[in-house]
2 protein chains.
Amino acid sequence: MNLDDIDRRILRALQRDGRMPNNELAKAVGLSASPCLRRVKLLEDAGVIDRYVAVLNPAKIGKGLTFFTRIWLKAQDEDTIEHFAAEVAKLPQVLECYLMLGDCDAMVRVVAADIHDYRRFQSEHLSRIKGVQNVKTDVPSQTVKQTSELPLS
Amino acid sequence: MNLDDIDRRILRALQRDGRMPNNELAKAVGLSASPCLRRVKLLEDAGVIDRYVAVLNPAKIGKGLTFFTRIWLKAQDEDTIEHFAAEVAKLPQVLECYLMLGDCDAMVRVVAADIHDYRRFQSEHLSRIKGVQNVKTDVPSQTVKQTSELPLS
DNA sequence: AGAATATTCGCAACCAAATTGCGAACTAAT
DNA sequence: ATTAGTTCGCAATTTGGTTGCGAATATTCT
């Protein structure tokens with residue numbers, strides 16, 4: 001897929017406001033409504049635009065804190081890793097999980113209401129997954145930046 | 001703000017599809033159109049719904065790889081940290097940046113096209129920020145889970 | 001328990017935006 | 001220069017968003 005300058009402007013705008021009305025978007029990118037809409041549909045069909053989502057305020061629903069947890073497994077064979085990945089993906093508190101090659105075996109980003117909520121999650125869910133040997137939690141003291149806006153060349 | 005069961009169903013649905021038409025949403029949560037819309041507006045006004053965004057496919061725009069970079073600063077005084085935070089927030093390749101209390105001083109999540117693209121970013125932008133002493137990069141070998149959907153109690 | 005109050009619902013009419021078809025303008029290649 | 005291909009903009013149509021009001025449900029106070 002080859003993106004031109006107008007496509008990039010469309011993507012930038014929709015990353016900021018996924019519900020921007022098409023008329024408004026068209027004006028913002030210097031096009032009339034119908035070709036603008038056509039481009040958006042093409043970007044959706046091509047998978048460049050994956051989906052649209054509502055972004056919630058974590059603090060307002062009692063999930064204001066983020067925790068980064070590094071995980072070491074008892075073994076690194078296929079079965080152990082696959083089982084861990086499948087189980088951790090089921091946990092709704094886990095927003096992100098990556099398998100790592102270096103120091104630890106996996107890293108997860110967890111949201112919780114507070115430290116007690118997190119500790120309960122760790123002991124009752126994370127540590128109970130078969131194959132988990134050790135976990136270490138890092139707590140951010142401040143969030144400097146947190147965006148879903150990808151840079152467009 | 002007190003959320004009832006219907007509110008939670010609305011939030012769950014809109015986290016999955018931020019552009020779901022109100023009529024459809026109403027049916028999905030067991031309400032008719034107007035009270036459903038009213039609840040959505042209330043959730044927006046209360047800030048529970050922060051905004052709507054288009055989620056792009058990073059691979060399709062040449063930002064397919066994620067890197068986690070831990071950063072150590074030369075000093076931990078207010079000025080050093082504030083300057084670092086301000087500068088790193090300006091970099092579009094940096095999607096997330098957290099100040100840390102433990103081992104390192106900051107952790108950032110960076111997107112890049114490939115390893116070379118990342119190395120260029122690190123040497124030309126990240127390491128050049130005043131006060132940065134050392135950086136260590138962790139590369140995920142596989143993404144197990146990556147979602148923006150917050151759990152609703 | 002029962003009445004009064006407050007809240008939330010659903011219907012219907014209205015308004016705005018999304019979508020589609022088609023002819024015109026622009027671009028690129030022969 | 002002419003032709004083929006692409007992309008544009010206008011206008012009509014359809015679809016969905018929005019608002020007001022009466023009815024139903026839930027809540028509170030005596």
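Residue numbers begin at 1 in each chain, while the letters A, B, ... track the order of the sequences.
For B/Asn23, taking side-chain heavy atoms from C-beta onward, the closest of the listed nucleotides D/dT19, C/dT19, D/dG17 is D/dG17. Picking from D/dG9, C/dT19, C/dT8 the nucleotide with the shortest atom distance to the side chain of B/Arg39 gives C/dT8. In the set C/dT20, C/dT19, D/dG17, D/dG17 carries the atom at the smallest distance from any side-chain atom of B/Pro21. Among the nucleotides C/dA18, D/dT18, C/dC9, the one closest to any side-chain atom of B/Asn22 is D/dT18.
When the P atom of C/dT19 is taken as reference, atom CD of A/Glu44 falls 8 Å away, rounded to whole Å. B/Leu14 places its CG atom 11 Å from the P atom of D/dG17, with the value rounded to the nearest Å. What separates CZ of A/Arg38 from C1' of D/dT6 is a distance of 10 Å, to the nearest Å. Following rounding to the nearest Å, A/Leu37 (CG) and D/dT15 (P) show an atom-to-atom distance of 15 Å. As rounded to whole Å, 14 Å separates atom P of C/dC26 from atom CD1 of A/Ile6. D/dG17 atom C1' lies 16 Å from atom CE of B/Met20, rounded to whole Å. The distance from atom CD of B/Glu24 to atom C1' of C/dA18 is 15 Å, rounded to the nearest whole Å. In this structure, A/Leu25 atom CG and C/dT19 atom C1' are separated by 15 Å, rounded to whole Å.
Nucleic acid contact for B/Pro35: base, since at least one base atom lies under 4.0 Å from a heavy atom of the residue.
Other residues, nucleotides and ligands place more than 12 heavy atoms under 6.0 Å from the CZ atom of B/Arg8. Counting non-hydrogen atoms of neighbouring residues, nucleotides and ligands closer than 6.0 angstrom, the CZ atom of A/Arg119 reaches no more than 12 such neighbours.
Tested against A/Tyr98, the residues B/Gln146, B/Lys145, B/Gln142 include a single side chain to side chain donor-acceptor pair (under 3.5 Å) partner, B/Gln146.
Note on A/Lys41: a side-chain N or O is less than 4.0 Å away from OP1 or OP2 of C/dT19.
With hydrogens and angles left out, the side chain of A/Ser32 and the base of D/dC10 share no donor-acceptor pair within 3.5 Å. Checked by distance alone, B/Arg19 brings no side-chain donor or acceptor within 3.5 Å of a matching partner on the base of D/dG16.
Using a 4.5 Å cut-off on side-chain heavy atoms (C-beta onward), B/Thr137 and B/Tyr118 make contact.
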>> Quick one, B/Gln15 with A/Val53, criterion side-chain contact (heavy atoms from CB on, under 4.5 Å). Give me CA distance, side-chain angles, the key distance, then yes/no.
In response: CA-CA 5 Å; B/Gln15 281 195 107; A/Val53 301; 5.8 Å; no
